[in-house]
Colleague: 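Take a look at this one; I'll ask things after.
Just so it is clear: chains get the letters A, B, ... in the order the sequence lines come, proteins before strands, and each one is counted from 1.
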Number of protein chains: 2
Amino acid sequence: MAKLSDVAARAGVSVSAVSRVLSGDPAARVSEATRDRVRKAAAEVGYHPNFAGRALKLARTDVIALIVPDVTNALFTELTRGVEDEAVARGCVMLLARSEDMQPGGPMFDRLVGEGRVDGIVLQPRDGADPQELARTVGERAPLVTIHQRIPGASSVVVPDELAARRATEHLIALGHRRIGFAGGLAGSPTAQRRADGHLEALLRAGIAAAPELVTWRGYRESDGRASAAELLALPQRPTAIVAANVNAAIGVLAQARAQGLAVPRDLSVVAIHDAWTAEHTWPPLTCVRMPLYELGRTAVATLAEIVDGGAVVHRSVDDPEPVLVGRESAAAPRN
Amino acid sequence: MAKLSDVAARAGVSVSAVSRVLSGDPAARVSEATRDRVRKAAAEVGYHPNFAGRALKLARTDVIALIVPDVTNALFTELTRGVEDEAVARGCVMLLARSEDMQPGGPMFDRLVGEGRVDGIVLQPRDGADPQELARTVGERAPLVTIHQRIPGASSVVVPDELAARRATEHLIALGHRRIGFAGGLAGSPTAQRRADGHLEALLRAGIAAAPELVTWRGYRESDGRASAAELLALPQRPTAIVAANVNAAIGVLAQARAQGLAVPRDLSVVAIHDAWTAEHTWPPLTCVRMPLYELGRTAVATLAEIVDGGAVVHRSVDDPEPVLVGRESAAAPRN
DNA sequence: CGCGCTTGATCAATCGTTTGCGCAACCGGT
DNA sequence: ACCGGTTGCGCAAACGATTGATCAAGCGCG
């Protein structure tokens, strides 16, 4: 692999000159003729600055880690794209990690931050993770931006969960539903709380009395959604519609409905919060409220960059674009 | 962040001594007393060797990249786990590459290999990728192990595609099916070829005449499976069962069957090659042939390590555990 | 007592890059 | 011709870890 001194020799100048030219410092005093020769030589030998040498000198790796609970979750496609696009735009490479492996305090995590392999971390904590502990194990050791959730001392970025849930419920109300179940996330989870709030707000605005038994707190996974649906559909007076707080949970809701012989949307309407490509392939295709996850990813990286550069802790909500309803076929008017 | 000299100062020895103790070289001549003091001091200051310094000196980063066409594909969960486990076992960090940019030839890829950020690459080429071109853009620039597919000059690791397909078809034959469709992968793809071969082999062994119109070559995605099913189910004499060469395609097959009002498995049996958690949540849950993808991942990394250490190009097949049929509810005896 | 050998530890060079500083050469103005 | 001010470039010192070379003791042995 070509190094700086190779380029220097080829161009007949010193390594410092080459470094200055290639780093593109306009304040550097190098003649245009030399610049040309250097650039030409660099191109000829296919020079790329050695990562280790650079990182050692600059105390910076231009690597940021994105840690999510499960990389194969279709929901993370958009988030990941956003993170990566913004990272690339800032000249960084993204290191994608599964949080099972990257448990703060775990061996891999120690290597990442302890050995200085990354400049900063964008973390989406697992539901149920302890914020205090995360603050200790992560926040104190590396620049950190959390997603969906705040932890003490770290910046955070969220999406308008409450508004999205409200939109979902309002859509069902507009279709004529009055008894609407809510298949929510885990009780402790901040997003679960916000989404439940949004749902209740919609009911309130429509003058519909909220019934506690119509709200479950089981989680965002497929099996959680299925359990939620089983609970809601076992109610004496069955809901005619269910808002699933997560698109994966919604898939579980569909499965449970099918298992009970209920046709969607004829017997039960379903609206999910979040959109993902999987929602197009369910039966019926899921009506969703799409969240600005791509922008969430970009904003997270931008925020992280501020922290790395010494900026203050900040909390942002990504409100543009707004959550928008994507109508497919899982929601219809109730069959009186 | 604590460095070697900090530990040295605290233990009252030189940096070289510390380095030798901490690197665990048994040949190093250091007294047991000093070793203890060094280890104690290192633990006290929480020393982790600086990545950049180490990489610079050793010309090695202990990072391997796993490049797959699409990280959110549920199929990659197992593969990724295998790769990561083996990487960790060998003291490496796995860099999971997602974007189109990371694909060979993209700008990020150039940074990865050009800047020496990774020691080697485990690559699952996209279907339809040109082997010659990959050999040029990747194989010549970094140690490389490919998955599922060979490219010139690089080691490769595969799973027994042919056997798996044979098992799938044999299962349907055992259930009594005689007219069996095969929803295959892209025509040029080596795995598609091997799986189709296995399917035909099963028919041959059972003395069933193969009909070319019962084999499609559309690809592994959901939409491909759907198109394949549409094609097969439009045949004058409809197959009573379909083997989907990929679990994602199988989901598409289910969707198409449903769209045509066919009940699975009453009107149509479906068996998929590969297993993934998504297969448990379809309707009906998919009968699959599970492939040793976790072991594939581990073997790929082990093979890559050999190459990095100067080993010769080698081609392996992961045959343990064998492909095994996971019976769920999408396959049954044909009606009448 | 001196020699060779082993043991325990330090010195210093090295990896590739960046960057503050110094040093010529050259400019225009007196 | 002299001189302050620029311009163009190279020298050399970091950054943190590894490792061959080196060196001072200590020991056994004749």
Colleague: In whole Å, what is the span from the OH atom of B:Y47 to the P atom of D:dG16?
Modeller: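 Result: 10 Å.
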Colleague: In whole angstrom, give the distance that lies between atom CG of B:N50 and atom P of C:dG16.
Modeller: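 Going from B:N50 (CG) to C:dG16 (P), I get 17 Å.
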Colleague: Using a strict threshold of under 4.0 Å (side-chain N to carboxylate O), is an ion pair present between A:D36 and A:R39?
Modeller: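 Answer for the salt bridge query: yes.
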Colleague: Measure CG/B:L4 against C1'/D:dT18 and give the value in whole Å, please.
Modeller: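 Whole-Å distance recorded here is 9 Å.
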Colleague: Which sits closer to the 5' end of DNA chain D, B:R29 or B:A52, going by the nucleotide each is nearest to?
Modeller: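 Result: B:A52.
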Colleague: Less than 4.0 angstrom between a side-chain N/O of B:K57 and OP1 or OP2 of C:dT14, yes or no?
Modeller: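 No.
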Colleague: Base, sugar-phosphate alone, or nothing: which one does B:A59 contact when heavy atoms must sit under 4.0 Å apart?
Modeller: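 The residue B:A59 makes no contact with any strand.
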Colleague: Are A:E306 and A:R90 within salt-bridge range, i.e. N to O under 4.0 Å?
Modeller: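 No, no charged N to carboxylate O under 4.0 Å.
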Colleague: Rounded to whole angstroms, how far apart are CG on B:L22 and P on D:dT18?
Modeller: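 In whole Å, D:dT18 P lies 8 Å from B:L22 CG.
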Colleague: When the distance from CG of B:L56 to P of D:dC15 is rounded to whole Å, what number comes out?
Modeller: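 One finds 14 Å between P of D:dC15 and CG of B:L56, rounded.
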Colleague: Are A:R81 and A:E78 ion-paired here, with the side-chain N under 4.0 Å from a carboxylate O?
Modeller: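 A salt bridge links A:R81 with A:E78.
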Colleague: Between D:dC9 and A:S31, is there an OP1 or OP2 to side-chain N/O distance shorter than 4.0 Å?
Modeller: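 Yes, A:S31 has a side-chain N/O under 4.0 Å of OP1/OP2 on D:dC9.
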Colleague: With a cut-off of less than 4.0 Å, is there a side-chain N or O of A:R54 near OP1 or OP2 of C:dT18?
Modeller: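 So the side chain of A:R54 is within the cut-off, an N or O lying under 4.0 Å from OP1 or OP2 of C:dT18.
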Colleague: In whole angstrom, give the distance that lies between atom CZ of A:R60 and atom P of D:dG16.
Modeller: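 Spelled out: CZ on A:R60 to P on D:dG16 is 15 Å.
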Colleague: D:dT18 phosphate, OP1 or OP2: any side-chain N/O from B:S19 under 4.0 angstrom?
Modeller: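 For D:dT18, OP1 or OP2 has a side-chain N or O of B:S19 closer than 4.0 Å.
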Colleague: Would you say A:D319 and A:S317 are linked by a side-chain donor-acceptor pair, where the criterion is simply a distance under 3.5 Å?
Modeller: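 Distance-only check passes for A:S317 and A:D319.
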Colleague: Is any side-chain nitrogen or oxygen of B:T34 closer than 4.0 Å to OP1 or OP2 of C:dA9?
Modeller: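 Affirmative; the distance criterion is met.
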Colleague: I'd like to know if the side chain of A:R111 and the backbone of B:G91 have a donor-acceptor N/O pair within less than 3.5 Å.
Modeller: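 Yes; at least one donor-acceptor contact below 3.5 Å.
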Colleague: Without decimals, in angstroms, what is the distance between A:K3 NZ and C:dT18 P?
Modeller: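 Going from NZ in A:K3 over to P in C:dT18 covers 14 Å.
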